[in-house]
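Counting convention: from 1, in listed order, for ligands and their atoms alike. Here, residue 1 is the first one in the sequence, and each next residue gets the next number. When reading the values below, keep in mind they use all heavy atoms of this one structure, side chains included, and skip hydrogens, waters and symmetry mates.
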Amino acid sequence: MADTANLDELRELYSFFPLEGVTTNPTILSHSGRKLSESIQGIQEIAGTGMVHIQMISADSEDMVREAKKYRSYFDFGDNFYAKIPVTAKGYRAMRILKDAGINVTATAIFTQQQALVAMKAGADFVAPYVSRLDNISSHGIEVVGDIVQNIATYGLKGKVLAASFKTVDQIYRVSMAGSHSATINAELLFQLIKHPMTDIGVKQFEADAEGLYDISF
Ligand code: E4P
């Protein structure tokens, strides 16, 4: 998924990248220069039937639930909508209520395997461990992702890992090898992870060698 609310970036990414959705948080939205209503409407137009994850800002469980229901109806989201809920005590309670109401949940701001496990038991569809933020406090983001993946397999849980907070392509490589079911990645890294200079050199050479050789018009 694309971890950005920049509509220009999203338009370009969606023109070729096989994305499954867009994730936002208040910080990401604040960089877009647009209010929530305008931002999400723009994202929805670009993402089409893909998932859109919006973070709740309420502090209390019932308010988070009200907030999620409001956004879901305001933007006329069906099942494409995911309410991002931080893994606080109030958040866990809101997750259960939202799941019982048939609303998709992404548990966010996860820093430990235990938080993810509790969130999945509370019904979260996705759990989002923050890889870079873990690495930056001398912890191990990739290991946390791997532990959660292992828990899902061991206990047959329904949740999926949505690895988040990346600063390097190598982190993305490592979470994919650790079995993360999905990842949300900023535009700069999405562009970077598909690039390789040898690919560019190879393509240039093929173009040169095809000159005057391909005689079937199309
Ligand atoms: C996911 O949606 C998270 O909110 C996001 O990836 C956090 O990224 P950051 O640590 O770069 O702010």
Whether His196 side chain and Met198 backbone form a donor-acceptor pair below 3.5 Å:
yes
Examine Phe77 together with Tyr71 and report whether their ring centres are nearer than 6.0 Å.
no
Mark yes or no for whether Ser61, through its side chain, and Lys90, through its backbone, hold a donor-acceptor pair below 3.5 Å.
yes
Under 3.5 Å, which donor-acceptor pairs do the side chains of residues 42-56 form with other protein atoms, sequence neighbours left out?
unit_1, atom_1, unit_2, atom_2, d
Gln44, NE2, Phe75, O, 2.6
His53, ND1, Thr106, OG1, 2.8

Which residues pass the side-chain contact (heavy atoms from CB on, under 4.5 Å) test with Ile97, sequence neighbours left out?
Glu62, Val65, Arg93
Distance-only check: which donor-acceptor pairs under 3.5 Å involve side-chain atoms of residues 149-167, not counting sequence neighbours?
unit_1, atom_1, unit_2, atom_2, d
Asn151, OD1, Gln113, NE2, 2.8
Thr154, OG1, Gln150, O, 2.8
Ser165, OG, Arg133, N, 3.4

Name the residues with a heavy atom less than 4.0 Å from ligand 1?
Asp3, Thr23, Asn25, Lys84, Tyr130, Arg133, Ala164, Ser165, Lys167, Thr184
